[in-house]
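Below: one structure, written as structure tokens.
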Amino acid sequence: IHTVEVPEGKRIRFSFTNFYVEPKHDYDQVVAEDGSEVTPKLWGSSLPPSPLRSRTNIMHVKFHTDRSYNMFGWRMEWTEEVD
């Protein structure tokens with residue numbers, strides 16, 4: 001789990017700039033501090049829509065892999081923005 005946190009009163013604007021994970025087996029999911037989904041599970045090897053925004057100043061990026069096949073992985077860029 002990777003946690004992104006910005007000052008209170010701001011939100012997180014983020015984009016995946018690379019997204020090459022094993023289809024049907026590996027995924028990323030972004031969740032809010034309370035556990036609610038910011039994104040559904042992001043499967044496969046195509047870039048998710050962007051930009052995306054968090055609902056609060058904290059979000060968690062969860063990556064799940066079965067480790068059976070190695071691909072390039074993913075990269076996410078983010079900035080803070082005023083609510």
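Side chains included, hydrogens not; waters and symmetry mates left out as well; all remaining heavy atoms used. Numbering starts at 1 and runs along the sequence shown.
- Once rounded to the nearest 0.5 Å, the distance linking NE2 of His25 with OG1 of Thr65 reads 10.0 Å.
- Residues Val31 and Leu52 fall into different hydrophobic clusters, defined by Ile, Leu, Val, Met, Phe, Trp and Tyr side chains chained together at heavy-atom separations under 4.5 Å.
- Annotation: side chain of Met76 is not in contact with side chain of Phe19 (no heavy-atom distance under 4.5 Å).
- With a 4.5 Å cut-off between side-chain heavy atoms of Ile, Leu, Val, Met, Phe, Trp and Tyr, the cluster of Tyr20 takes in Phe72.
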Apply the test side chain to side chain contact (heavy atoms under 4.5 Å, CB included) to residues Ile1 and Phe63: give CA-CA distance (whole Å), side-chain angles for both, the deciding distance (0.1 Å), then the verdict.
CA-CA 7 Å; Ile1 297 178; Phe63 178 62; over 6 Å; no
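- Residues in residues 41-57 take part in these salt bridge (charged side-chain N to carboxylate O under 4.0 Å, His left out) pairs, two or more places apart or across chains: Arg53-Glu81.
- Within the hydrophobic cluster formed by Ile, Leu, Val, Met, Phe, Trp and Tyr side chains joined at under 4.5 Å, directly or through other members, Tyr27 is accompanied by Trp43.
- Evaluation of the side chain to side chain contact (heavy atoms under 4.5 Å, CB included) rule for Ser15 yields Ser50, Pro51 as partners, not counting sequence neighbours.
- Follow the hydrophobic side-chain contacts under 4.5 Å out from Trp78 and you reach Val30 in the same cluster.
- Separating the CG atom in Leu42 from the NZ atom in Lys62 is a distance of 13.5 Å, to the nearest 0.5 Å.
- Judged purely by atom type and a 3.5 angstrom limit, Ser54 uses its side chain to pair as donor or acceptor with the backbone of Ile12.
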When the side chains of residues 2-10 are checked against the rest of the protein, which donor-acceptor pairs come out under 3.5 Å, sequence neighbours left out?
from, atom 1, to, atom 2, distance (Å)
Thr3, OG1, His60, ND1, 2.8
Lys10, NZ, Glu80, OE2, 2.8

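- Each salt bridge (charged side-chain N to carboxylate O under 4.0 Å, His left out) pair with one or both residues in residues 19-34, not counting sequence neighbours, would appear here, but there are none.
- Looking at Gln29 and Glu37, their side chains come closer than 4.5 Å, going by heavy atoms from C-beta outward.
- Residues that satisfy the side chain to side chain contact (heavy atoms under 4.5 Å, CB included) test with Arg75, not counting sequence neighbours, are Thr17, Asn18, Glu77.
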